[in-house]
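Below is one structure, written out as structure tokens; comments come after it.
FYI, side chains are in, hydrogens and waters are out, and symmetry mates aren't considered; it's all heavy atoms of this structure. Predicted model, so just to flag it, every value in this text is computed and none were measured.
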Amino acid sequence: MTKLTRRDFLISTAGITAAASMGNHAFAAAPGELIYKPEEGAKLRVLRWKRFVQGDEDLWNANTKKFTEKTGVEVRIDAEGWEDVRPKAAVAANIGSGPDIIIGWFDDPHQYPDKLLDLSELANYLDKKYGGWYDVCKKYGMRGDKWIALPLGVVGNALCYRESQVKAAGFDSVPKDTAGFLKLCQALKAKGTPVGFALGKAVGDGNNWAHWLLWSHGGMMVDNKGNVVINSPETWAALEYAQQLYKTFVPGTLSWQDPSNNKAFLDNQISMTANGISVYYAAKNSTDPKWQAMAKDIQHAHLPIGPIGKPTELMQITQMMLFKYSKYPNAAKAYLQFMMEADQYNPWMEAAIGYVSQSLKAYEANPIWTVDPKHTVYRDAAALMLDNGHAGPLGTASAAVMADYVVLDMIAAAASGSKTPKEAAAQAAERAKRYYKA
């Protein structure tokens with residue numbers, strides 16, 4: 001992973017755009033700068049996921065207002081639940097009508113690459129200006145040698161836990177291996193402070209921890225050639241582990257969506273979950289003394305390493321897609337660029353205390369990652385994460401398997417006992433083969 005000093009960061013982000021200092025509606029480019037001049041009368045519609053931390057939404061809207069003041073382009077922002085963005089994007093792609101820009105999840109752009117505008121010029125400009133894209137972001141954003149989406153950032157996922165309850169269970173910290181982690185969860189359950197991990201249709205939290213569990217034991221959906229290999233001894237071992245872990249869960253996790261574990265944690269129903277920094281954000285910024293006290297007790301840690309012997313974490317990348325049906329492609333590209341430039345991106349990350357971590361390496365040096373040590377674990381999300389196609393290529397099939405919750409459903413079925421590990425793995429393989437026909 002590339003580490004930049006504060007000085008490197010300031011140098012790489014200096015002089016955002018000459019046009020910004022020239023007043024509203026100015027589009028003259030300084031040497032090395034990229035300027036898109038919006039079409040006359042341009043108006044944009046942007047669809048994004050609903051915020052989990054208020055600072056994200058506040059600064060996103062403030063930055064959008066700045067863009068309108070600078071360019072004269074009106075921008076309408078619609079927000080949908082996390083699980084609703086994907087189907088709405090698919091409908092827009094199929095009918096050729098809808099929001100100009102949709103901010104979606106994972107490798108969704110690979111489901112309809114021919115419906116998206118080429119963003120290579122903009123992506124390459126940002127790459128050179130801000131220290132380069134992380135490799136995993138390139139893999140998600142590119143189809144062949146063309147950028148079909150612009151990775152906005154990564155909603156980091158980590159263990160969020162109550163330090164006092166972990167210590168009461170006899171552990172100084174969260175074990176770094178899966179065997180020790182299971183013992184901790186069993187001890188927390190015995191103390192009356194159970195854990196909880198989402199097993200419902202949770203786009204982020206459910207998918208993230210389920211893929212980690214599978215990969216940590218050496219299981220994978222496909223091999224590097226795209227052959228379905230999910231029905232394997234490694235997967236069975238992962239599912240047997242899931243069965244033991246599930247016994248330590250609070251009731252109800254089979255129906256949990258992304259907000260569910262946040263609510264359960266803040267309501268003192270669970271001692272630990274896998275989540276973004278949103279739980280800590282809510283507690284830290286609350287006026288309730290009980291939540292403020294909880295914030296002091298909250299700690300974060302990376303998910304443990306399994307028998308495979310190396311980190312195997314999935315993080316939730318979010319990407320900005322510009323559809324070919326847009327009547328105002330230049331205005332849309334200008335908006336994408338504006339939101340990724342340092343004058344907007346840095347304050348946005350800071351307002352959300354790193355809820356969405358950077359996709360460009362220069363932003364590693366943002367002070368939000370060190371001002372509070374509890375933020376730091378989320379800084380390295382893009383540098384650490386695997387992509388959801390692991391170990392095969394990203395594409396239409398991997399996107400469809402993710403959208404259909406094949407891995408998450410498999411984990412849920414085996415963990416809850418509705419299917420044996422071998423039955424659950426066999427069913428997942430048959431579902432996956434429908435998408436990986438080639």
Side-chain angles (χ1 to χ4, degrees), residues 36 38 42-51 56 60 63-64 67 73 75-127 133-134 136-155 203-204 315-340 344-345 348 356 359-360 382 387-389 394-400 402-403:
Y36 291 105
K43 295 182 179 181
L44 296 176
R45 182 181 165 204
V46 177
L47 173 65
R48 57 158 289 174
W49 35 269
K50 287 184 178 178
R51 52 90 181 152
D56 158 35
W60 189 270
N63 285 337
T64 298
F67 174 78
V73 177
V75 182
R76 167 185 161 186
I77 300 174
D78 297 322
E80 295 283 353
W82 285 28
E83 66 279 1
D84 296 325
V85 172
R86 177 176 285 143
K88 287 184 179 293
V91 169
N94 286 331
I95 67 174
S97 178
D100 301 87
I101 296 167
I102 296 181
I103 304 175
W105 299 120
F106 295 112
D107 51 349
D108 283 352
H110 293 267
Q111 294 196 77
Y112 29 78
D114 296 337
K115 307 290 186 178
L116 303 172
L117 280 178
D118 186 350
L119 297 176
S120 298
E121 180 185 45
L122 176 54
N124 291 332
Y125 161 80
L126 293 169
D127 180 79
W133 299 97
Y134 294 97
V136 72
C137 295
K138 291 180 181 178
K139 190 171 181 181
Y140 270 114
M142 298 183 74
R143 181 85 160 186
D145 60 355
K146 182 173 73 173
W147 286 84
I148 59 172
L150 207 64
L152 172 60
V154 178
V155 180
V203 176
M315 307 288 181
Q316 191 174 0
I317 194 167
T318 180
Q319 303 208 78
M320 300 187 287
M321 300 174 279
L322 172 53
F323 287 81
K324 286 183 177 179
Y325 57 67
S326 173
K327 296 178 181 179
Y328 308 111
N330 283 345
K333 289 178 182 178
Y335 180 79
L336 296 179
Q337 178 184 354
F338 187 81
M339 300 302 265
M340 293 299 296
Q344 288 69 242
Y345 199 90
W348 174 62
V356 180
S359 51
L360 288 158
D387 63 84
N388 61 271
L394 289 176
T396 305
S398 65
M402 171 64 85

With side chain to side chain contact (heavy atoms under 4.5 Å, CB included) as the criterion, how do Val46 and Val75 come out once you've worked through the C-alpha distance, each side chain's angles and the decisive distance to 0.1 Å?
CA-CA 7 Å; Val46 177; Val75 182; 3.8 Å; yes
Could you give me the CA-CA distance, side-chain angles and deciding distance for Leu336 and Tyr36, then say whether side chain to side chain contact (heavy atoms under 4.5 Å, CB included) is met?
CA-CA 10 Å; Leu336 296 179; Tyr36 291 105; over 6 Å; no
Determine, stepwise, if the pair Val136 / Ile317 fulfils side chain to side chain contact (heavy atoms under 4.5 Å, CB included).
CA-CA 9 Å; Val136 72; Ile317 194 167; 5.5 Å; no
Would you please test Leu126 and Trp133 for side chain to side chain contact (heavy atoms under 4.5 Å, CB included) and show each step?
CA-CA 8 Å; Leu126 293 169; Trp133 299 97; 4.0 Å; yes
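Looking at Gln319 and Ser359, their side chains never come closer than 4.5 Å, going by heavy atoms from C-beta outward. For the pair Tyr125 and Gln337, the minimum side-chain heavy-atom distance is below 4.5 Å. Annotation: side chain of Tyr345 is not in contact with side chain of Met339 (no heavy-atom distance under 4.5 Å).
Partner Pro109 forms a side chain to side chain contact (heavy atoms under 4.5 Å, CB included) with one of Ile148, Leu394, Leu119 and no other, that one being Ile148.
Listed for the Lys115 side chain is no donor-acceptor partner under 3.5 Å among the backbone atoms of Asn94. Not one N or O on the side chain of Gln316 forms a donor-acceptor pair closer than 3.5 Å with the backbone of Val155.
When the salt bridge (Lys or Arg N to Asp or Glu O under 4.0 Å) test is applied to Asp127, no partner is found at least two apart in sequence or on another chain. With sequence neighbours excluded, the residues satisfying side-chain contact (heavy atoms from CB on, under 4.5 Å) with Met142 are Lys138, Trp147. Take Thr396 and apply the side-chain hydrogen bond (donor to acceptor under 3.5 Å, both in side chains) test, not counting sequence neighbours, and it matches no residue. With sequence neighbours excluded, the residues forming a ring pair (Phe, Tyr, Trp, His ring centres under 6.0 Å) with Trp82 are Trp49, Phe52, Trp105, listed by chain and number. Under the rule for a salt bridge (Lys or Arg N to Asp or Glu O under 4.0 Å), Arg143 has no partner lying at least two apart in sequence or in another chain. Listed by chain and number, the residues in a salt bridge (Lys or Arg N to Asp or Glu O under 4.0 Å) with Lys139 are Asp387 (sequence neighbours excluded). Tyr140 is linked by a side-chain hydrogen bond (donor to acceptor under 3.5 Å, both in side chains) to Asn388, counting only residues two or more places apart in sequence or in another chain.
Cation-pi contact between Arg51 and Trp60: absent, since separation from the ring centre below 6.0 Å together with deviation from the ring axis within 45° is not met.
A distance of 12.0 Å separates CG in Leu150 from CG in Leu116, rounded to the nearest 0.5 Å. For the atom pair CE (Met340) and CG (Asn63), the distance works out to 12.0 Å, reported to the nearest 0.5 Å. In this structure, the separation between OG1 on Thr64 and CZ on Arg76 is 14.0 Å, given to the nearest 0.5 Å. A distance of 13.0 Å separates CD1 of Ile102 from CE of Met320, quoted to the nearest 0.5 Å. Of the inter-residue distances, the one linking Leu44 atom CG with Tyr335 atom OH reads 8.5 Å to the nearest 0.5 angstrom.
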Taking only distance into account, with no hydrogens and no angle test, what donor-acceptor pairs under 3.5 Å do side-chain atoms of residues 83-92 form with protein atoms, sequence neighbours excluded?
| residue | atom | partner | partner atom | Å |
| --- | --- | --- | --- | --- |
| Arg86 | NE | Asp108 | OD1 | 3.0 |
| Arg86 | NE | Asp108 | OD2 | 3.0 |

Could you go through residues 325-333 and list every donor-acceptor pair under 3.5 Å that involves a side-chain atom there, pairing it with any protein atom two or more places apart or in another chain?
| residue | atom | partner | partner atom | Å |
| --- | --- | --- | --- | --- |
| Tyr325 | OH | Pro99 | O | 2.6 |
| Ser326 | OG | Asp100 | OD2 | 2.7 |
| Ser326 | OG | Tyr328 | N | 3.2 |

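The heavy-atom pair separating Gln111 from Ala399 by the smallest distance is CG-CB, 3.2 Å. Listed here is the closest heavy atom pair of Cys137 and Ala382: SG-CB, 4.3 Å.
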